[in-house]
Every structure is written in structure tokens, then in C-alpha cells.
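One is the number of the first residue; the rest follow in order along the sequence. Start at 1 and go down the list; that is how both ligands and their atoms are numbered. Remember, predicted model here, so these are calculated numbers, not experimental data.
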Amino acid sequence: MLDESELPRQWYNIQADMINKPLPLLNPATREPLKAEDLAHIFAAECAKQELDQEHAWIDIPEEVLERYKYYRSTPLVRAYALEKALGTPAHIYFKNESVNPLGSHKINSALPQCYYCKQEGTTNVTTETGAGQWGAALSYAAKAFGLECAVYQVKISMQQKPYRSSIMRTFGATVTGSPSMSTRAGKDIITRDPLHPGSLGTAISEAVELATTTPNCKYTLGSVMSHVSLHQTIIGLEAEKQMEKAGEYPDTIIACFGGGSNFGGLAFPFMRHTLLEGKKIDFIAAEPSSCPKLTHGKFEYDFGDEAGYTPLLPMYTLGHEFKPANIHAGGLRYHGAGTIVSQLLKDGYMRAVDIPQTESFAAGLLFARTESIIPAPESCHAIAATIREAKKCIETGEEKVILFNLSGHGLIDMTAYDSYLNGDLTDPEFKG
Ligand SMILES: *Cc1c(COP(=O)(O)O)cnc(C)c1O
């Protein structure tokens, strides 16, 4: 743990140091690059500004946000001795435990600043989409903390798989609607085309954006994908950098699971700064599900961020905005696209990606629970599986590599997923590209 005086007071904006900057977001109608004013119609103005900032490497964390961060930060950096021993690996495995906060995932790190900026700018209502519910839960909490009303569209299938997450959101005072729903035009259109549509992050984003643009004083917020979200998440890596230094180690390999890229970027970008500025060699690995493999099997092209095509066009690795991800339990990883920063970094060879089958992810999660005594979120299990693959390679080579991975959340509200794995009911849905 870090002392209060050691807590980072700025976020790191990797865009400023990137050699090839991410390509601009485009207005789909005109194909013109978007300006901050255009984004400020749906997002808080400060977030819109941060989104397009390719100039300032360091951005001050507002005092009020720092105060809230102090409720649960710093988060622990832990060496996974028991896991190392169980694997018989010479690798040193560390994890940053982002499950230790009132909501149980890293999402709270961006929910707090987003709600803070909305409040500052005179917004009264916030809306969003959520998959498994971690983002919705984090936003509900942050909205309450800063006195905002909150409406969440939750992916229908995830709402059924994880009913307790909607209970959490409602406990913090949010309204929760399953998506696709009949409450928006986008939702009605999707249901008309496909009455049994299980919902996806894409459908829920369409509905939330529509609500934000049709409700006065209401802003849309996003828990992943966007560059300002990864910016807020860099608090993870900035702390980890100091903590690794205290441990007297430097990572050879950095691993995080990948939905839209925020926890990956959050841990990786502060370290990648050393690659960009000093040529440090670190193996950065994003772990995605085999059934939704945009980084390993997608194309780099302009695509919509949502199913209905309401968002700007984003230059990213994508499986296509109409791709329907299989109903895997890692709801937070069921997204067709990827953040524009990470997409550019992958294209330029600064990082790589691996795809992990669902059963391998749960086998890894179970081993982690039984050794490190923390039940990981199904999303985080992908990072653990990728870590185990790397640690096993070290057995063959005898290398004492230092591997750092992000434990993005705990799985205590995902126990139906563990039940189905333990009962032998879990399958590996095939990717149909
Ligand atoms: C949302 C979520 C993810 C995936 O989102 P990223 O933006 O890729 O980090 C991963 N793990 C947990 C626990 C989540 O809630």
C-alpha cells in the first residue's frame, strides 16, 4: 500500500507521447473529424476535452475526486506466491487488486471523475449502458456521491444471469432497464427485427445515447472504450509503478483482460510510457475471450461503437458493430470493438493480444481462488489464464520473469457462472467470424 502522500495526483495521457496518434473520430454523416464541441453534446465537456487531448501528458485529478479515491486507494499490489508455488514456476507473479472497493471492480475509478465533471457543469442526470453490471453499479454509486440522478440500461441477458447487480444499482438509487427495451426508438427497432435479442453492450449504448440526447440536462457516460476512460484508469498503473519499485522489481510482462481496453490501458499505459520515451522492453498482453476476439481476429477499420450506429465512427479493431457476442459469463468482455488508443498501439506492435476459451478462463479462476483466496470476476479470469500461460512458459525456459497482471474485479456476484463451471455445464462458444 502507498501512503496518502504518495498517491498519484495526476492521470497519465499516453496520447501525448504516442508517435502515431490515434486517428480522429469521424462524424458518420459528414466523415469530418469530430471536435470537442461535438462530443460535448453527449459527454461532460471536460471528458470531451480529455478525449481529444493529444498534447498534455499529465492531467490533474480534481481535489474532490482525490478525496473519493482516498476511500479505497491505494489498492494492494500483491505477489501471488501461492499461485507461483502451485504452478511450480520460477516466474514472479504480481497482481494489482482492483476488486478492493465498495463496488468490487476498477470501474469506480472513472465513474467518480465522470460524475464529478457532470455535477460541476450543471448536469442533473446521467445515463449509461452496462453489461454484467459493474459499470452500472459504479456509476450508480458515483452519481449518488455527487448528487445526480442515474438511469442505467443493462444488457438483458446479463441482467438475467446476474440479478444482484441490478439490486446494487437500485440500492444506490438508480433506475435500471433491460436492453433491448421498448422505452427507446433504438430498442423498439432492435426488438422488431429480433424479438428474442439477448441484448449486447451495443444495444444498450444505443438506448442510453438516445435517452441522453432526448432528456434535458442529461449526459451520457461510458465505462470503457473511450480514451478519457482509460485516462482515468491510469491511476492503477501509476500506483503499480510506485509499488513495484518498492518491491524492488520491474515487470517483464504486463497482462490485463480486455473488453474495451480501460483496465488494460489503466495498468499498461504508465509503464508503456517508458517504452515510448526510453525504449524499455515490456511484453504487454491483452487477454480477450475466444468467442469475442476483436484484437486477434477483428479488422482495423472505422466502425460504430454501438449496434444502432448512433456513436461517432471510431478507428479501431472491430468484429463489426452488428456482431452478436455469445452469451459467455464474462459480460464485460462481450464488446465488438476496442479503444482507439489500444487499437493504434496494437497496430504499431507495442502490445499483443491472446484469446482465451471460456473454460480455460474458469479453470484459471478456480486455481487462483484456491491458491490466493480471492474469487476473481469472470472477466479477470482471462487475465489470470493468460498469466498462467506465460508462467508455464517460464517453467520450460527457467526464466524468472516478473509478470504483473490486473485483477480487475472480484466474482462474488458471479457465482452462477462458477456454479455452471463446477457442474460441468460451461461450454466454449465458437467464434463465427
Ligand atoms: C468492465 C470490466 C472489464 C472489461 O472492461 P475494460 O474496459 O476492457 O477494462 C474487465 N473486468 C471487469 C471486472 C469489468 O467490470
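- Residue C257 approaches ligand 1 through these ligand atoms, each under 4.0 Å from one of its heavy atoms: 10 (C), 11 (N).
- Annotation: H321 is in aromatic contact with F304 [ring centroid separation under 6.0 Å].
- Residues F95 and F368 bring their aromatic ring centres within 6.0 Å.
- Every atom of ligand 1 is numbered from 1 in the order shown, and the set under 4.0 Å from a heavy atom of H106 is 2 (C), 3 (C), 9 (O), 10 (C), 11 (N), 12 (C), 14 (C).
- Near G409, the atoms of ligand 1 lying under 4.0 angstrom from a non-hydrogen atom of the residue are 13 (C).
- Of the protein's non-hydrogen atoms, G332 O, 3.5 Å is the one closest to atom 4 (C) of ligand 1.
- Nearest protein heavy-atom contact of atom 12 (C) of ligand 1 is S408 OG, 3.4 Å.
- Regarding atom 8 (O) of ligand 1, its nearest protein heavy-atom neighbour is G259 N, 2.6 Å.
- Within ligand 1, the atoms closer than 4.0 Å to a non-hydrogen atom of L333 are 4 (C), numbered from 1 in the order shown.
- Residue-level proximity to ligand 1 for K107 is carried by the side chain, the only part with a heavy atom below 4.0 angstrom.
- Ring geometry for Y12 versus W58: interplanar angle of 30 to 60°, hence tilted.
- Open room surrounds NZ on K299; 12 or fewer heavy atoms of other groups in view lie less than 6.0 Å from it.
- Within 6.0 Å of the NZ atom in K242, the count of heavy atoms belonging to other residues, nucleotides or ligands exceeds 12.
- For the pair A377 and ligand 1, the shortest N or O to N or O distance does not fall below 3.5 Å.
- K21 NZ: more than 12 foreign heavy atoms inside a 6.0 Å radius.
- When non-hydrogen atoms are compared, ligand 1 lies under 4.0 Å from the backbone of F258 (N, CA, C, O) but not from its side chain.
- No part of V225 comes within 4.0 Å of ligand 1, judged by heavy-atom distances.
- Ring geometry for W11 versus H232: interplanar angle of 30 to 60°, hence tilted.
- From the protein, the heavy atom lying nearest to atom 7 (O) of ligand 1 is S224 OG, 2.5 Å.
- Centroid-to-centroid, the aromatic rings of F300 and Y317 come within less than 6.0 Å.
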